Amino acid sequence: MLDIQLLRSDLEGTVARLARRGHRFPVEEFSTLETERKLLQTRTQELQARRNTLSRQIGHAKGRSEDASAIMAEADGLGHDIGQVESRLERIQAELQHILLQTPNLPHVSVPVGKSEADNRAVRSWGTPRVFEFAAKDHVSLGESLGLLDFSTAAKLSGARFSLMTGALARLHRALAQFMLDTHTNEHGYVEAYVPYLVNAESLLGTGQLPKFKEDLFEIPRRQEGGGRGFSPEDARSGADDGNLYLIPTAEVPLSNIVRDRIVPHESLPLRLTAHTPCFRSEAGSYGRDTRGMIRQHQFDKVELVQLVHPRQSYEALEILTGHAEKILQKLGLPYRVMELCTADMGFSATKTYDIEVWLPGQDAYREISSCSNCEAFQARRMQARFRNEKGRPELLHTLNGSGLAIGRTLVAILENFQNADGSVSIPEALQPHMGGMDRLRGKA
RNA sequence: GGAGAGAUGGCCGAGUGGUCGAAGGCGCUCCCCUGCUAAGGGAGUAUAGGCUCAAAAGGCUUAUCGAGGGUUCGAAUCCCUCUCUCUCCGCCA
């Protein structure tokens with residue numbers, strides 16, 4: 001969420017910055033609401049102040065057993081007015097809040113302005129894509145011919161966009177998670193966390209997935225239809241949280257929300273947290289894309305990196321965090337490049353994002369395997385996540401998150417990059433200790 | 001799932017309709033005193049807003065005692081709903 005003060009003090013400039021990322025801010029509506037808000041709020045507070053004064057007088061008078069009926073009569077009349085003005089103010093503020101919640105973060109000045117992902121800027125690359133002396137297969141045919149990857153059975157169990165791995169491949173998947181967690185905790189200073197996979201609406205609001213991206217989430221109804229109490233019309237009307245839970249689309253949600261509604265001492269910063277979790281995405285609106293294979297699934301595992309830092313340090317932290325994700329690919333020996341996303345391609349909450357794209361021989365392309373973002377105070381403001389600064393004042397934290405890495409896609413990259421002419425797949429040395437010394441995936445036969 | 005108890009400031013804890021943003025204690029900060037240490041004395045110590053101000057400072061003001069609603073001139077206090085915590089029973093990985 002943007003600081004509303006920014007919109008009040010520099011509406012034009014802020015709107016222009018939002019336009020850089022293709023967001024059209026409802027200027028007219030906002031200005032009208034804001035004018036009205038100011039009027040109503042002042043009026044409300046005047047009336048409330050008057051009521052407080054009168055009530056206090058009544059109290060004093062009664063304490064001295066004097067007659068207070070005249071004062072009470074005036075106060076009685078006030079009540080009605082206050083109720084009216086208050087409810088109008090509430091409505092206006094809810095509308096302002098609605099606009100604010102739909103407004104994305106401001107891109108950092110260094111971010112290239114663009115219209116699509118084609119305008120992303122390559123920052124650096126590492127490793128050289130391997131030249132195959134045979135026809136390279138993609139991970140689907142590799143995995144299926146090894147007999148370790150089975151999409152049709154997954155479809156039977158659950159439907160499209162799920163996968164089933166067995167045997168050494170399932171183990172490799174587990175090994176990757178262990179390897180990534182070990183690296184981040186032992187070498188990069190992260191604290192490992194085990195987090196809930198179901199979170200409430202408030203948490204999703206905090207990190208920015210709600211209210212705008214509800215259709216991308218899997219929602220778990222909490223109350224039974226029929227037998228239970230069911231949704232009352234009042235719930236719907238109040239717009240209140242219905243208590244439903246959502247499957248996490250990323251561990252960023254539970255990890256970042258750890259500091260929601262908290263004020264942490266500045267000495268404890270930066271906080272570095274990591275977790276291995278499954279992630280669930282309904283991928284509404286991506287129907288035609290990546291239908292083959294494990295690239296885009298409703299369920300995938302990921303090791304997530306989250307940092308909560310002093311505002312002064314967030315851009316430095318973004319570079320470091322991105323480096324932590326890169327380190328995994330380097331250890332595995334997977335070629336990649338780092339892209340700086342342009343304004344059009346960045347996520348809702350980010351001011352600046354680096355995508356790490358791994359080389360996939362099966363697609364003859366670099367594909368996203370990690371996305372590392374600085375959100376500055378955007379999420380922190382929604383979460384009321386603060387620290388006590390050097391002057392002893394509470395101040396909003398800056399939040400960062402990045403994949404370190406998406407496990408399914410890393411698995412795909414390993415299959416495709418380390419395949420051999422005979423259809424077997426070599427296991428990167430770094431993973432072998434986690435695989436009981438196994439150095440190659442072979443077919444069952 | 002059943003029965004009961006509870007949720008107050010950084011912490012402990014008082015407060016059952018008014019003068020309460022909230023006693024008291026602990027902690028913390030500053031000052032005084034004491035040649036060190038200990039003890040003692042004094043002052044201060046929530047958060048988010050609004051208006052004012054060129055800005056800072058300041059001033060005025062509102063809201064917040066788990067959350068939401070209600071009663072009332074007035075709610076931490078009374079009523080309703082919800083959430084969470086604890087205890088006991090049942091069930092269970």
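In the text below, chain A, chain B and the rest are named by the order of the sequence lines, each starting its count at 1. Heavy atoms only: backbone and side chains are in, while hydrogens, waters and symmetry mates are out. Quantities reported herein were computed from a predicted structural model and do not represent experimental measurements.
- Here B:G10 presents its C1' atom at 18 Å from CZ of A:F387, a figure rounded to the nearest Å.
- OP1 or OP2 of B:G50 has at least one side-chain nitrogen or oxygen of A:Q5 nearer than 4.0 Å.
- For B:G49 and B:G41, the P atoms lie 39 Å apart once the distance is rounded to whole Å.
- The C1' atoms of B:G69 and B:C60 are separated by 31 Å, rounded to the nearest whole Å.
- Across every strand in view, B:C51 sits in a pair with B:G59 that passes the Watson-Crick or G-U test at under 3.5 angstrom.
- Evaluation of atom-type donor-acceptor distances gives no pair under 3.5 Å for the side chain of A:Q93 against the base of B:G50.
- Between the CG atom of A:L396 and the C1' atom of B:U47 there is a distance of 12 Å, rounded to whole Å.
- Residues A:H108 and A:Y315 bring their aromatic ring centres within 6.0 Å.
- Comparing atom distances between the A:I58 side chain and each of B:G18, B:A63, B:G49 picks out B:G18 as nearest.
- Between the side chain of A:D10 and the main chain of A:L6, no donor-acceptor pair closer than 3.5 Å is present.
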* Might you work through the salt bridge (Lys or Arg N to Asp or Glu O under 4.0 Å) test for A:D81 and A:R43, ending with a clear yes or no? => CA-CA 10 Å; A:D81 295 350; A:R43 181 80 188 124; 5.4 Å; no
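- Taking a pair to require two hydrogen-bonding distances under 3.5 Å in either a Watson-Crick or a G-U wobble arrangement, B:C65 remains unpaired.
- Separation of the C1' atoms belonging to B:U71 and B:G17 is 12 Å when rounded to the nearest angstrom.
- Base pairing of B:U45 is made with B:G27, judged by Watson-Crick or G-U wobble geometry with both donor-acceptor distances under 3.5 Å.
- Closest contact between the side chain of A:Q41 and the listed nucleotides B:U19, B:C51, B:G49 involves B:G49.
- Aromatic ring centroids of A:H298 and A:F162 lie under 6.0 Å apart.
- For the P atoms, the distance linking B:G15 with B:A38 amounts to 36 Å, nearest Å.
- One atom, CD of A:E46, and another, C1' of B:C51, lie 9 Å apart when rounded to the nearest Å.
- Searching all strands for a Watson-Crick or G-U wobble partner of B:C88 with both distances below 3.5 Å returns B:G2.
- Salt bridge A:E187/A:K331: present, at least one basic N to carboxylate O contact under 4.0 Å.
- In this structure, A:R388 atom CZ and B:U45 atom C1' are separated by 10 Å, rounded to whole Å.
- Across B:A57 and B:C73, the matching P atoms stand 41 Å from one another, rounded to whole Å.
- The residue among A:R8 and A:M72 whose nearest nucleotide of RNA chain B lies closer to the 5′ end is A:R8.
- The pairing partner recorded for B:A14 is none, the criterion being a Watson-Crick or G-U wobble arrangement whose two distances lie under 3.5 angstrom.
- With both ends at atom P, the span from B:G1 to B:C92 equals 15 Å, rounded to whole Å.
- Between A:R262 atom CZ and B:G10 atom C1' the separation is 13 Å, expressed in whole Å.
- Residues A:E283 and A:R289 are not paired through a salt bridge, judged by the lack of any N-O separation under 4.0 Å between the basic side chain and the carboxylate.
- A:E36 has its CD atom 17 Å from the P atom of B:G50, to the nearest Å.
- Counting only heavy atoms from C-beta on, A:P394 has its side chain closest to B:A48 among B:C51, B:G18, B:A48.
- Going from the P atom of B:C78 to that of B:U8 covers 16 Å, rounded to whole Å.
- Position along RNA chain B of the nearest nucleotide to A:G79 versus A:N52 favours A:N52 as the more 5'-ward residue.
- Ring centers of A:F348 and A:F378: under 6.0 Å apart, within the cut-off.
- As a whole-Å value, the separation of A:M1 CE from B:G49 C1' is 13 Å.
- Pairing partner, B:U83: B:A7, with both Watson-Crick or wobble hydrogen-bond distances short of 3.5 Å.
- With distances taken from any side-chain atom of A:S55 to the nucleotides B:C51, B:G18, B:U61, the minimum falls on B:G18.
- Of the candidate nucleotides B:G50, B:U19, B:U47, B:U19 has the atom nearest to the side chain of A:R56.
- Taking atom C1' on both nucleotides, B:C65 is separated from B:A75 by 11 Å, rounded to a whole Å.
- Residue A:R386 has a polar side-chain atom (N or O) positioned under 4.0 Å from OP1 or OP2 of B:A48.
- At the phosphate of B:C60, neither OP1 nor OP2 sits under 4.0 Å from any side-chain N or O atom of A:R50.
- Atom CD1 of A:I263 is separated from atom P of B:G10 by 7 Å (rounded to the nearest Å).
- Between A:E74 and A:R50 there is a salt bridge, since a side-chain N of the basic residue sits under 4.0 Å from a carboxylate O of the acidic one.
- Look at B:A75: it lacks any Watson-Crick or wobble partner with both distances under 3.5 angstrom.
- Across the strands present, B:A38 finds no partner; the criterion is a Watson-Crick or G-U wobble pair with both atom distances under 3.5 angstrom.
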